[in-house]
**Q** 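Have a look at this one before I ask anything.
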Number of protein chains: 2
Amino acid sequence: MTAPLRIGIAGLGTVGAGVVRILQTHRDLVAARAGRPIEIVAVSARDRGRDRGVPLDAYAWEADPVALARRPDLDVFVELMGGHEGAAKDAIEAALTQGRDVVTANKALLAHHGQAFARTAEASGRVLRFEAAVAGGIPVIKALTEGLAGNQMTRVMGVMNGTCNYILTRMESAGLPYSEVFEEARALGYLEADPRLDVDGIDAGHKLSLLAAIAFGTQVAFDAVELEGIGSVTIEDIRHAADMGFRIKLLGVAQMTGRGLEQRMQPCLVPATSPLGQLQGGTNMVVLEGDAVGQVVLRGPGAGAGPTASAVLSDLVDIARGNRLPTFGQPAATLRQARPAKAAVPAPYYLRLQLVDKPGALAKVARVLGDSGISIDRMRQYGHEDATAPVLIVTHKTTRAALDEAMAAFPETGVLAGDPVALRIEQV
Amino acid sequence: MTAPLRIGIAGLGTVGAGVVRILQTHRDLVAARAGRPIEIVAVSARDRGRDRGVPLDAYAWEADPVALARRPDLDVFVELMGGHEGAAKDAIEAALTQGRDVVTANKALLAHHGQAFARTAEASGRVLRFEAAVAGGIPVIKALTEGLAGNQMTRVMGVMNGTCNYILTRMESAGLPYSEVFEEARALGYLEADPRLDVDGIDAGHKLSLLAAIAFGTQVAFDAVELEGIGSVTIEDIRHAADMGFRIKLLGVAQMTGRGLEQRMQPCLVPATSPLGQLQGGTNMVVLEGDAVGQVVLRGPGAGAGPTASAVLSDLVDIARGNRLPTFGQPAATLRQARPAKAAVPAPYYLRLQLVDKPGALAKVARVLGDSGISIDRMRQYGHEDATAPVLIVTHKTTRAALDEAMAAFPETGVLAGDPVALRIEQV
């Protein structure tokens, strides 16, 4: 057995403590799989005194994570602090330039600085790994980068924010409005300190941008991700979508099209019986589509101490074994700068229109759709007791431009009560 | 870019031709991900004249796969011939001892000789990889060996024979008996030349034994897999199980218990709404459970040229990159010889009894269950027009021994028409 892999861990929250726990309880198992022991040399966190449920006395303590990253007695710096600027960024930069490999769970940091870090790592002959940054315990970075390396990837999709999926699932099962379930989730501690990271799709968008870079050999382009949160999803739409055989998910989709790279994170309808439609609660799912393999679906816990620590261990075992991959699967200099697709590929849409109850109302909205070149696949009108009636329409495939034209024209018909709702139906 | 990885391919059936096609069409993509080109040097197959849809003129031809394996101008020997004795075995042995790495899709061969090959490979400093041998295009070997390396695995399950899942799914959807769907599958070319490999669970059992070795750090023990095929599954049981909220799957389960390693491949009931229960047609699914990660589910195509070639490419790219793993994730000498568990862990069971229509019949079978210490969770009796009535029972958890005792005692009650049926309900 060769020399131990010596690591330093910055950040001892639930994930950091989870990594320490695995390395303490599974020392021999990890050594057998890694080909050598993995040893914690030093740790760093904000509060030295806090009880984290794992003994830390055997490790050196560094108050400053950058000082930890610079320690000459480390092989790997493990960054589990979070935050996409400041200490985490400084420490990773210091580690890479000082000859340490880096393992991080920090999707925000990589979404913003991944390309620069990939170059720094390669220039220094170091590796930067981030299995824990996307979809928690699901080994999706490995599956995509290595397991499907023989494929031209065609599309990558995912439900990658467990909190949003919890909220949408709970709205449906309990029949509660968004605002109420949002407060529940906050009380349960499911939301980030800044909840917009979750519910506006930012966190999931970070993850999507990392998957897209690997899948399509492009530079990380988080700024080009079209983001739409779940705040506008109503319980009515969840119910009506279910009536039509769909579920609403905060779904990320990345695909390379003739018009550029499309990256979207938005509430979409998916068939209720599909694997994505069946996904309940905080579980994550990633769908990987390649020209040779067809479709591979991965499902698992997207967060939590154990699952995230499991992903960190995967990276550490790889480094211990000498499996040294470029950050995004191919050399940073070969990653192309993708042109962002201006418009999403055509898709069917779900429309909900609240119509005033007078003769010819339906004909008027149907004419608007026809004028925009949109044909109707299915339509359903509900019985009603007040003066307006909900009408649901599933369109055939149409462009977003045609849809926007119709949405702009609907109010001119004078038969709508309230704003029309349009949600994309993703074909999965 | 460093020197190309030079490979030889033995076996040019659909999978072999699929590998050639990917390497021809995705030359640059593969080189970018592998860090160097992957070049086919020579090929071997039985019939040189056959048109395989890919040009082969650029490659040397070897009539004898063993001669191909011995060529000094190869880095990797790719075995895609099949068969667990004879040429495939000889060629792999030759390749490993002559200094070639080996990639194979041959589960039967590894299930029978994996341990010996792993030792040979290590003694020669070569690697032996087999992503394509289990669950086709799903990168499950990589997920288990590398992606979940930080976990003490607790259970591994899978639907890993697409043909059996096709047959069971089709029986349900078309309402046809086993024999008829079996003939359909044969006509469609879904069955192996020896169909027992499929329907008796042998092929899936091979795959399970390989997953178990990696998951539990044990020597491959295919002979210890408890095998039960799908030939005795009736359309009645499929329908009745559905009525009770279950689907019947040919499910492989491996788990380490206090009484040894349990490996079973048998028709089981799983909840119809679970990912396994939802699996239709020829798709495969593997469920990996570890102490840190919890449950990860992988789903994808289990066979076919593209998916299987995709898996072969994953191994080739790994080798090109220098990711050199021990065959079963840890050195062969450290794999323990697991004691096979004599009895499966307790589970609920589904029972179907055909009772003669006379007073007290139900009481008699209930008493038999009670006498064996088996308690009833749910029971359902169906209306009937003839002299016997089907009774379905879902038991609480019980041992197989208690169940066998009850099954032996049922006939003595004198109220049964036909043999009782018992199927395990796997908790997924």
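Everything numeric here is computed off the predicted structure, so don't read it as measured data. Any value given below was found using the heavy atoms of this structure, including those in side chains, with hydrogens, waters and symmetry copies removed. Proteins come first, then strands; the chains are lettered A, B, ... in the order of their sequence lines, and each starts at number 1.
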**Q** Mind listing the closest non-hydrogen atom pair of B:Ile22 and A:Ala292 along with its distance?
**A** CD1-CB, 3.7 Å
**Q** Taking side chain as everything from C-beta outward and backbone as N, CA, C, O, which of these in A:Pro139 sits under 4.5 Å from a heavy atom of chain B? Side chain, backbone, both or neither.
**A** side chain
**Q** In terms of heavy-atom proximity below 4.5 Å to chain B, should A:Leu148 be classed as side chain, backbone, both, or neither?
**A** both
**Q** Report which part of A:Leu325 has an atom under 4.5 Å of a heavy atom belonging to chain B: side chain, backbone, both, or neither.
**A** side chain
**Q** Enter the distance from B:Glu146:CD to A:Leu313:CG here, rounded to the nearest 0.5 Å.
**A** 13.5 Å
**Q** Grab the two heavy atoms, one from B:Val293 and one from A:Gly137, that are nearest each other, plus how far apart they are.
**A** CG2-O, 3.5 Å
**Q** Please look at A:Leu335 and chain B and tell me whether the side chain, the backbone, both or neither of the residue comes under 4.5 angstrom of a heavy atom of that chain.
**A** neither
**Q** In terms of heavy-atom pairs under 4.5 Å, which option from B:Val140, B:Leu29, B:Leu279 contacts chain A the most?
**A** B:Leu29
**Q** How about B:Arg299 and A:Arg299: do any of their side-chain heavy atoms sit closer than 4.5 Å?
**A** no
**Q** Between A:Arg33 and chain B, which part of the residue has a heavy atom less than 4.5 Å away: side chain, backbone, both or neither?
**A** both
**Q** By a 4.5 Å heavy-atom criterion (distance strictly below it), what part of A:Ala149 contacts chain B: side chain, backbone, both, or neither?
**A** both
**Q** Given that the side chain runs from C-beta out, which part of A:Pro275 has a heavy atom under 4.5 Å from chain B: side chain, backbone, both or neither?
**A** side chain
**Q** Please identify, among A:Gly217, A:Gly300, A:Gly18, A:Ser310, the residue contributing the most non-hydrogen atom pairs under 4.5 Å to chain B.
**A** A:Ser310
**Q** Tell me, for A:Gln278 versus chain B, whether the close heavy atoms (under 4.5 Å) come from the side chain, the backbone, both or neither.
**A** side chain
**Q** Between A:Gly304, A:Gly294, A:Gly306, which has the largest tally of heavy atom pairs under 4.5 Å with chain B?
**A** A:Gly306
**Q** Report the option among A:Ile141, A:Thr334, A:Thr273, A:Asp318 that has the most heavy-atom pairs separated by less than 4.5 Å from atoms of chain B.
**A** A:Asp318
**Q** When only pairs under 4.5 Å are counted, which of B:Ala305, B:Gly147, B:Pro326 shares the most heavy-atom pairs with chain A?
**A** B:Gly147
**Q** Heavy-atom pairs under 4.5 Å with chain B - which of A:Pro331, A:Pro307, A:Ala311 has more of them than the others?
**A** A:Pro307
**Q** For A:Asp291, which atoms come within 4.5 Å of any heavy atom of chain B: side chain, backbone, both, or neither?
**A** side chain
**Q** Given that the side chain runs from C-beta out, which part of A:Asn151 has a heavy atom under 4.5 Å from chain B: side chain, backbone, both or neither?
**A** both
**Q** Consider side-chain contact (heavy atoms from CB on, under 4.5 Å). Of A:Val296, A:Ile138, A:Leu298, A:Val297, which one does B:Leu298 pass it with?
**A** A:Leu298
**Q** Can you give me the closest heavy-atom contact between A:His26 and B:Gly150, atom names plus distance?
**A** CD2-O, 3.5 Å
**Q** Which bit of B:Leu144 comes within less than 4.5 Å of chain A, counting heavy atoms only: side chain, backbone, both or neither?
**A** neither
**Q** Considering only heavy atoms and a distance below 4.5 Å, find which of B:Gln295, B:Arg321, B:Met285, B:Gln330 pairs most often with chain A.
**A** B:Arg321
**Q** Would you mind checking which part of A:Thr283 comes under 4.5 Å of any heavy atom in chain B, side chain (CB onward), backbone (N, CA, C, O), both or neither?
**A** neither
